[in-house]
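Since the model is a prediction, treat every value here as computed from it, not as a measurement. Note that ligands are numbered from 1 as they come in the structure, with each ligand's atoms numbered from 1 the same way.
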Amino acid sequence: MKELIVKELLNADRVLVVGHIMPDGDDISSVLSLSIALKKLGKEVVSGIDWKIPWIFEDLEEVEEIVDYERFKEMNFEPDLMVVVDVSSRDRIGDFKELIGKIKTAVVDHHTTHDHFTDIWWVDPSYGACAQMIYKINKELGVKYDERLATINLMGVLTDTGFLRFPNADERAYRDATELVSLGGKPYKISQMILENKRLEQFKLFAEVLENLKIELDGLLAYSYVSQEMYKKHGCTDEDSSGFVNEIRSIKGVEVAVMFLEIKPGLVHVSMRSKEWFDLAEFAKKIGGGGHPRAAGATVEGKKVEDVVKEVVPLLRQEIEKELKR
Ligand code: 5GP
Ligand code: MN
């Protein structure tokens, strides 16, 4: 419950705020917005994400303060509360999961596939972005917003709602975004950083992705992949390909888009998007992942990307066909 989390935050002196591996805009926004707010209240705060922060977010100087688990251990920081944000299950926080059970842990999350791995939680999938939940908490904590905090908080609201155009961009998302703009948030700074900051290498890699694109089920299902060789050939990493799945969903008539990303040898990330009716959160659970109805993912270890495609596509095809017959 939100009230309990607010109370725990007010009582704590040293707080560790943790986000998820393969962090996205909403996750980084949620971690930083809560961390900055707690610092404003005079608390000692450490922000943790056990993954490399994608280069696109490096324009935000605040991300420099985010530590991975190894650096966190070196700090000898002893938090009296850990708050995990935008995370649906314990396997999504990397090695910070070691702390669950040892430190009092609370979670703030908006995933429909949330699996309640902590004692204290506020989980509400009706929020388009976790950053909106953090905004609500910060308001209740009485935190004063300035341009930096408002812009960073707004980043999560904008990125998880596709810049206020996905079905989760409801009246509350528009209202929260408007309030954050009133508090000094600068949406153009976020759109420049996220949308107008692409490397030419990304376009070249995407061109190859389009050459390999498969379209099935009368245009409803579209998928492609990036292998390790393709990343290397174009001088790219998985940080460069996170937007590809949205591009593929934007093809006329496509309901379900999937990108199979071989982010490291033996590690394939399955990134999925739907447009109107197919429930990907349900499907992602079937293949060991999770997420939201219109954006979900899973991670498969120990297999080559081609093999993951061969395994997942027939299952997905079958589920889409089942839905069509309903
Ligand atoms: P993306 O495709 O952008 O990586 O992820 C879309 C959504 O699916 C995000 O909300 C993310 O939390 C969720 N997701 C992605 N990968 C995984 C995964 O491996 N496990 C779980 N449980 N959720 C995932
Ligand atoms: Mn999120």
Side-chain angles (χ1 to χ4, degrees), residues 18-34 49-51 54 56-57 84-94 97 107-117 122-135 153-163 166 168-169 173 176 194 223-226 237-249 256-264 267-274 278-303 308 312 316:
V18 172
H20 61 74
I21 55 171
M22 302 179 206
D24 57 8
D26 185 33
D27 186 50
I28 291 171
S29 164
S30 298
V31 168
L32 291 178
S33 302
L34 184 57
I49 293 180
D50 201 19
W51 200 268
I56 199 160
F57 300 108
V84 177
V85 298
D86 197 30
V87 170
S88 55
S89 57
R90 71 168 66 222
D91 59 309
R92 295 279 291 158
I93 55 175
K97 67 175 179 288
V107 65
V108 180
D109 185 38
H110 70 136
H111 288 90
T112 40
T113 55
H114 189 91
D115 68 8
H116 299 291
F117 57 100
W122 178 32
V123 178
D124 189 344
S126 74
Y127 282 90
C130 185
Q132 294 174 260
M133 302 172 78
I134 302 297
Y135 175 49
N153 203 155
L154 183 60
M155 175 172 81
V157 185
L158 294 184
T159 52
D160 253 25
T161 60
F163 288 78
F166 294 161
N168 61 6
D176 289 343
I194 310 270
Y223 60 93
S224 189
Y225 66 91
V226 183
T237 68
D238 58 295
E239 294 172 26
D240 297 300
S241 55
S242 59
F244 291 0
V245 70
N246 286 329
E247 293 298 327
I248 289 177
R249 174 178 55 185
V256 182
V258 188
M259 278 303 307
F260 296 89
L261 306 166
E262 193 171 36
I263 62 175
K264 288 177 195 161
L267 192 65
V268 177
H269 183 58
V270 186
S271 183
M272 305 183 281
R273 298 290 183 272
S274 64
F278 189 72
D279 189 342
L280 283 170
E282 275 302 305
F283 179 73
K285 268 200 281 187
K286 292 195 168 96
I287 57 167
H292 308 283
R294 303 287 165 263
T299 308
V300 184
E301 273 182 76
K303 284 183 188 159
V308 179
V312 172
L316 183 56

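The two residues S274 and P293 make their nearest non-hydrogen contact at OG-O, 3.4 Å.
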Ligand 1: which protein N/O atoms lie under 3.5 Å from its N/O atoms?
from: ligand 1; atom 1: 2 (O); to: S271; atom 2: OG; distance (Å): 2.6
from: ligand 1; atom 1: 2 (O); to: R273; atom 2: NH1; distance (Å): 2.9
from: ligand 1; atom 1: 2 (O); to: R273; atom 2: NH2; distance (Å): 3.4
from: ligand 1; atom 1: 3 (O); to: R273; atom 2: NH2; distance (Å): 2.8
from: ligand 1; atom 1: 4 (O); to: H269; atom 2: NE2; distance (Å): 2.8
from: ligand 1; atom 1: 8 (O); to: G290; atom 2: O; distance (Å): 3.4
from: ligand 1; atom 1: 8 (O); to: G297; atom 2: N; distance (Å): 3.2
from: ligand 1; atom 1: 10 (O); to: H111; atom 2: NE2; distance (Å): 3.0
from: ligand 1; atom 1: 10 (O); to: H292; atom 2: NE2; distance (Å): 3.2
from: ligand 1; atom 1: 12 (O); to: R92; atom 2: NH2; distance (Å): 3.3
from: ligand 1; atom 1: 12 (O); to: H111; atom 2: NE2; distance (Å): 2.9
from: ligand 1; atom 1: 19 (O); to: T299; atom 2: N; distance (Å): 3.3
from: ligand 1; atom 1: 19 (O); to: T299; atom 2: OG1; distance (Å): 2.7
from: ligand 1; atom 1: 22 (N); to: G290; atom 2: N; distance (Å): 3.3
from: ligand 1; atom 1: 23 (N); to: G290; atom 2: N; distance (Å): 3.4
from: ligand 1; atom 1: 23 (N); to: G290; atom 2: O; distance (Å): 3.3

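A 4.5 Å side-chain heavy-atom check between M133 and D124 finds at least one atom pair inside the cut-off. The side-chain heavy atoms of V123 and H111, taken from C-beta on, include no pair separated by under 4.5 Å. The shortest side-chain heavy-atom distance between M155 and L32 does not fall under the 4.5 Å cut-off.
Each of F260, Y225, Y223 was scored for a side-chain contact (heavy atoms from CB on, under 4.5 Å) with V270, with one residue passing: F260. A side-chain contact (heavy atoms from CB on, under 4.5 Å) with V85 is found for one member of V31, V18, D109 and no other, namely V31.
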Should R273 and R294 be marked as a side-chain contact (heavy atoms from CB on, under 4.5 Å) after you check the CA-CA gap, both sets of side-chain angles, and the distance that decides it? CA-CA 5 Å; R273 298 290 183 272; R294 303 287 165 263; over 6 Å; no
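The aromatic rings of F278 and F283 sit tilted relative to each other, their planes meeting at an angle between 30° and 60°.
A side-chain donor-acceptor contact under 3.5 Å links H110 and D160.
Ordered by chain and number, D26 OD2, D86 OD1, H110 NE2, D160 OD2 make up the set of protein N, O or S atoms under 2.8 Å of the Mn ion (ligand 2).
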